[in-house]
Amino acid sequence: MEAKQLQSEEQLYPQHREPQSQSHSPAYQALLRAGPRVRPLQQVHAQIIVLGKYRNLAIITKLLTLACAAGSISYTRCLFLTVPNPDSFLFNSLIKGSSKFAFSNDAIFFYRRMLLANISPSNYTFTSVIKACADLSASRLGRGIHSHVLVCGYGSDSFVQAAFVTFYAKTGDLEVARKLFDKMPERTVVAWNSMISGYEQNGFSKEAIGLFDQMLEWGIKPDSTTFVSVLSACAQLGAIGLGCWVHDYVISNGFDVNVVLGTSFINMFSRCGNVTKAREIFDLMSEWNVIAWTAMISGYGMHGYGKEAMELFGKMRIHGPRPNNVTFVAVLSACAHAGLIQEGRCAFGSMRKEFGLVPGVEHHVCMVDMFGRAGLLNDAHAFIKELNPRELTPAIWTAMLGACKMHKNFDLGVEVAEHLLAVEPENPGHYVLLSNIYAVTGKMDRVELVRNLMIRRGLKKQVGYSTIEVDQKTYLFSMGDKSHPETNEVYRYLDKLMSRCREAGYVPAPESVMHELEEEEREYALRYHSEKLAIAFGLLKTSSGVAIRIVKNLRMCEDCHSAIKYISIVSNREIIIRDKLRFHHFNDGSCSCLDYW
DNA sequence: CTAGGGTTAG
């Protein structure tokens, strides 16, 4: 050991005679060879000390950056404390590294130390520290830094501006972000990407796509990052036409489909209803990480293709990376939606035993949901009783309540719902479920009671809406909404359609079951739920043979589910609906969910 | 010698 450390530089670093390495010192070369790995870095660090190079700031800076990239912020902090007089390069590298590798708090800590050391921050410093604020959603701090930036004269730096666009978008201040974006004298692709992703991440998919269109009009060439955000917006909206357009564009312009972009395609195609196409993309990729595998498994799961999901999971266990907690959410929810109880139990058990993962709330919810859907209410209840009291979150009880409603165990349902109302009085969903249960059991006075309670507490039921894409344009419908220019035509067509359904055997749910919580909804109930409007519009606007694809923000009601089966018969169309939880493929009078949704 | 902003799965 001692002998090794005392070897000459030449023996230690034989490569230093190679021509391209002449500009770097042997110690620097050794750092490059160690790479972002803690142990090798520590060995080189020891050698640096032995060789007396520890005062060389360039070398220490590189060491710090690599320690940070290795993911060891504690080692990075220790190293920093050993530097007597850090310069601006060192601080900038440190701040950049820690913000880049998600040590946002440390980035801000180092930024403060930099100011305390009286070293002026530069545009480089600011971009990193603003990113750290964005990642932490540190609204106040970020705005303070914004003033500081203006004082320091970096307000017109395009990199700093782009960073602020991201910051304001991430802290939910989209208007401020947009104002900044509009005022930018030169908008790089990155600035456009920041704004588009800002919209998309805040759920403003239409705005994201609108800005993307504008970008193309301006002749700005999108890059793969742009596509990732746009595909995410397509996935949210179910805009498969635009998604396919992006796919064609990417292929014909020779873009490399890397693992991130490939995963975005998988997600977009599965969430737009074409899981076969998603699998094609998956198979064509050249690199698969845990996210790609999880996206594909989850794609199968949300379509109710449990067998395919489990097959893929089996392959992942053999050929793929280690599954993580998110992978297991996908696996367990695939089991839940396909009624694969044994497989689900087995996978849940393997989490801890085989993979050392600790099941969290979301996994428990999947298990309760899985037992519940299958009608195994006792197993669900037993599972809940096994849990630690502090793990009994509202989400667990909500899953149990769903099971009670689905399998008409109203006594237990009322009990669970009342408990939920007590612990989460601000969640309108609980009131809706409880009121539904009362309505089905014919306790209309109780329905009224729940409704009044909800009004008194100032809660509003979430407004349901459905979207459909026709010719790469997305149309939105909500119940009773008449803002669409062709409203009358749509309603008239829907009436005709529903009477044909009745002729074919459709029996509308009784009035009491359809009892709505809010007054103005009542007259529209039954006939005009948003998904029916969107389907009517789709049938009017597309030719036969084209599948109708709808995205709904809430879960479908039982009556719509039954009505749409008949619509699929009388219109002879495939109807694919994504609701809040999963996909329903209606074909020839039956649904892929086998009525367990 | 050392350093640039944006993006992905439930």
Side-chain angles (χ1 to χ4, degrees), chain A residues 21-25 27-29 31-32 53 56-66 86-97 99-100 122-131 134-135 157-167 169-170 181 184 187-198 200-201 208 222-233 235 258-268 270-271 278 288-299 301-302 323-334 336 360-363 365-366 581-582:
Chain A
S21 57
Q22 276 170 359
S23 58
H24 293 307
S25 69
Y28 188 77
Q29 285 289 305
L31 282 172
L32 287 184
K53 293 268 187 190
N56 183 325
L57 277 182
I59 285 177
I60 297 297
T61 301
K62 191 67 194 171
L63 178 56
L64 277 165
T65 327
L66 285 168
D87 64 356
S88 67
F89 269 114
L90 188 137
F91 270 115
N92 283 339
S93 306
L94 202 51
I95 294 167
K96 180 185 168 268
S99 82
K100 184 171 172 190
S122 70
N123 42 355
Y124 296 114
T125 326
F126 285 125
T127 48
S128 301
V129 80
I130 296 161
K131 174 177 156 51
D135 290 343
D157 181 287
S158 70
F159 290 94
V160 174
Q161 287 175 337
F164 274 122
V165 169
T166 307
F167 164 77
K170 280 216 176 132
F181 174 78
M184 286 179 73
R187 265 165 291 194
T188 56
V189 186
V190 176
W192 285 89
N193 289 348
S194 304
M195 197 62 231
I196 291 173
S197 117
E200 184 273 311
Q201 297 274 312
D223 62 11
S224 59
T225 305
T226 323
F227 298 132
V228 169
S229 293
V230 171
L231 288 171
S232 212
N258 60 25
V259 63
V260 177
L261 187 53
T263 303
S264 298
F265 277 123
I266 292 171
N267 184 43
M268 183 277 293
S270 12
R271 296 181 67 106
W288 299 267
N289 60 16
V290 62
I291 303 174
W293 283 91
T294 304
M296 195 61 237
I297 293 172
S298 144
M302 68 175 96
N324 63 18
N325 280 307
V326 185
T327 314
F328 275 98
V329 173
V331 168
L332 296 176
S333 91
V361 174
E362 57 278 37
H363 305 102
V365 169
C366 286
L581 282 186
R582 60 163 292 161

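This is a predicted model, so every value here is computed, not measured.
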*What nucleotide, of dC1(B), dG5(B), dT7(B), holds the atom closest to the side chain of Asn56(A)?*
dC1(B)
*dT2(B) C1' sits how many Å from Leu90(A) CG, rounded?*
9 Å
*Give a yes/no on whether any side-chain N or O of Tyr28(A) is located under 4.0 angstrom from OP1 or OP2 of dT2(B).*
yes
_Please pick, from dT7(B), dG4(B), dT2(B), the nucleotide with the shortest atom-to-atom distance to any side-chain atom of Lys170(A)._
dT7(B)
*Ser264(A) has a side chain; which of dT8(B), dT7(B), dA9(B) sits nearest to it?*
dT8(B)
*asked:* Just the rounded figure in Å: distance from P of dA3(B) to CG of Asp157(A).
replied: 19 Å
_Using the salt bridge (Lys or Arg N to Asp or Glu O under 4.0 Å) criterion, which residues pair with Lys131(A)? Sequence neighbours excluded._
Asp135(A)
*Name the closest nucleotide to the Glu362(A) side chain, picking from dG10(B), dT2(B), dT7(B).*
dG10(B)
_Could you tell me how far apart Asn325(A) (CG) and dG10(B) (P) are, to the nearest whole angstrom?_
15 Å
*Tell me what Asp87(A) touches on the nucleic acid: a base, only sugar-phosphate, or nothing, going by heavy atoms under 4.0 Å.*
nothing
_Closest to side chain of Lys96(A), choosing from dT8(B), dA9(B), dA3(B)_ = dA3(B)
*asked:* Using a heavy-atom cut-off of 4.0 Å across all strands, would you classify Thr65(A) as base, sugar-phosphate, or nothing?
replied: nothing
*Round to a whole Å and report the spacing from CG of Leu31(A) to C1' of dT2(B).*
11 Å
*Among the candidates dA9(B), dG10(B), dG4(B), find the nucleotide nearest to the side-chain atoms of Phe159(A).*
dG4(B)
*What integer distance in Å separates Leu94(A):CG from dA3(B):P?*
13 Å
*Please state how far atom CD1 in Ile266(A) lies from atom P in dT8(B), giving the value in whole angstrom units.*
15 Å
_What I'd like to find out is whether the side chain of Asn92(A) reaches to under 4.5 Å of the side chain of Ser122(A), using heavy atoms alone._
yes
*What does Thr188(A) touch in the nucleic acid at a heavy-atom separation under 4.0 angstrom: a base, only the sugar-phosphate, or nothing?*
base
_Residue Asn123(A), side-chain atoms from C-beta onward, closest of dG4(B), dG5(B), dT8(B)_ = dG4(B)
*Starting from P on dG5(B), measure out to CG on Asn92(A) and report it in whole angstrom.*
12 Å
*Does a side-chain heavy-atom distance below 4.5 Å link Thr125(A) with Phe91(A)?*
no
*Please report, rounded to the nearest Å, how far the P atom of dG5(B) is from the CE atom of Met195(A).*
20 Å
_I want to check one thing: is the phosphate of dA3(B), taken as OP1 and OP2, less than 4.0 Å away from some side-chain N or O of Lys62(A)?_
yes
_I'd like to know whether Ser232(A) forms a side-chain hydrogen bond (donor to acceptor under 3.5 Å, both in side chains) with Glu200(A), so could you lay out the CA-CA distance, the side-chain angles of the two residues, the decisive distance to 0.1 Å, and finally the verdict._
CA-CA 7 Å; Ser232(A) 212; Glu200(A) 184 273 311; 3.1 Å; yes
*Phosphate-side-chain proximity, Lys131(A) and dA3(B), N/O vs OP1/OP2 below 4.0 Å*: no
*asked:* Applying a 4.0 Å non-hydrogen cut-off, can you work out what Asn324(A) is touching in the nucleic acid: base, sugar-phosphate, or nothing?
replied: base
*Check whether any side-chain nitrogen or oxygen of Arg271(A) sits under 4.0 Å from OP1 or OP2 of dG10(B), and answer yes or no.*
yes
